Amino acid sequence: MENGLFCIVSMLQEKLVLYHSLIDVLEQEKKSLIASDVETLWQFSDQKQKYVREIEALRTRMLAELDHMGVDHGMNALTFRVERMFAFLPNQRDRLMENLQRALLTAKTKVHALSRANKNFVEEYLSVLDEMIAIITSAGRNAVPYERPRVPGRQERANLLLHREV
């Protein structure tokens, strides 16, 4: 049992390192988004996917270790939660494990916030580009009042060349 707890603590520390690496990539990604460096963005996408796969593999390994310890946890890789895992462990929760849990929660929250901020930046950027293209493509047309929609309050949108996919 003690050896299993040591293994789980070790994997939690490894998971924390992966989250911090993911945070670094997301912060660098933000700089590349601002600079519109598309080539670097593809590299960051690959790095993010690599870290996510490693975190998922750690989840699977932790669940296997819990199984090996004989803990009936009822979780799988998709429903895995560190908080739930701690609830299934024997009363061996020491300060290190509590600090790890808190650090993981903080890092995970920061990853979600940075990811959301980067996604919002891309959506806003694409929205501005959509508007600019709509303005440019309709600049050569003569505005004839007879071409307005017949139903009041219902206007046609300009054909947008960009689709938002994030």
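Because the structure is predicted, anything quoted here is derived from the model rather than measured.
- For the atom pair CE (Met11) and CZ (Phe6), the distance works out to 10.5 Å, reported to the nearest 0.5 Å.
- Side chains of Gln13 and Val17 form no contact here, defined as non-hydrogen atoms less than 4.5 Å apart.
- Remark: Leu66 CG to Arg84 CZ distance equals 11.0 Å, nearest 0.5 Å.
- Side-chain contact between Thr60 and Phe80 is absent, with no heavy atoms from C-beta onward closer than 4.5 Å.
- Salt bridge annotation for Arg61-Glu14: present, with a cationic side-chain nitrogen under 4.0 angstrom from a carboxylate oxygen.
- In this structure the side chain of Leu12 reaches within 4.5 angstrom of the side chain of Met85, judged on heavy atoms.
- Contact of the Glu56 side chain with the Arg59 side chain is registered, since non-hydrogen atoms from C-beta on lie closer than 4.5 Å.
- Inter-residue side-chain proximity for Lys108 and His112 is flagged as met; some heavy-atom pair is nearer than 4.5 Å.
- Linking ILVMFWY side-chain heavy atoms closer than 4.5 Å, directly or via other members, places Leu41 and Tyr125 in a single hydrophobic cluster.
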### Message
Assess the residue pair Lys48 and Glu29 against the criterion (salt bridge (Lys or Arg N to Asp or Glu O under 4.0 Å)); give the C-alpha distance rounded to whole Å, side-chain angles, the decisive distance to 0.1 Å, and a yes or no.
### Response
CA-CA 10 Å; Lys48 289 186 304 185; Glu29 180 184 56; 2.6 Å; yes
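- Annotation: side chain of Thr40 is not in contact with side chain of Lys31 (no heavy-atom distance under 4.5 Å).
- Taking the charged nitrogens against the carboxylate oxygens, Lys110 and Glu27 do have a contact shorter than 4.0 Å, which makes a salt bridge.
- Connection of Phe121 to Leu129 is established within a shared hydrophobic cluster, with ILVMFWY side chains joined at heavy-atom distances below 4.5 Å, either directly or through further cluster members.
- Between the side chains of Thr79 and Asn76, at least one donor N or O lies within less than 3.5 Å of an accepting N or O.
- In the hydrophobic cluster analysis, where Ile, Leu, Val, Met, Phe, Trp and Tyr join through side-chain heavy atoms closer than 4.5 angstrom, Met132 is grouped apart from Leu126.
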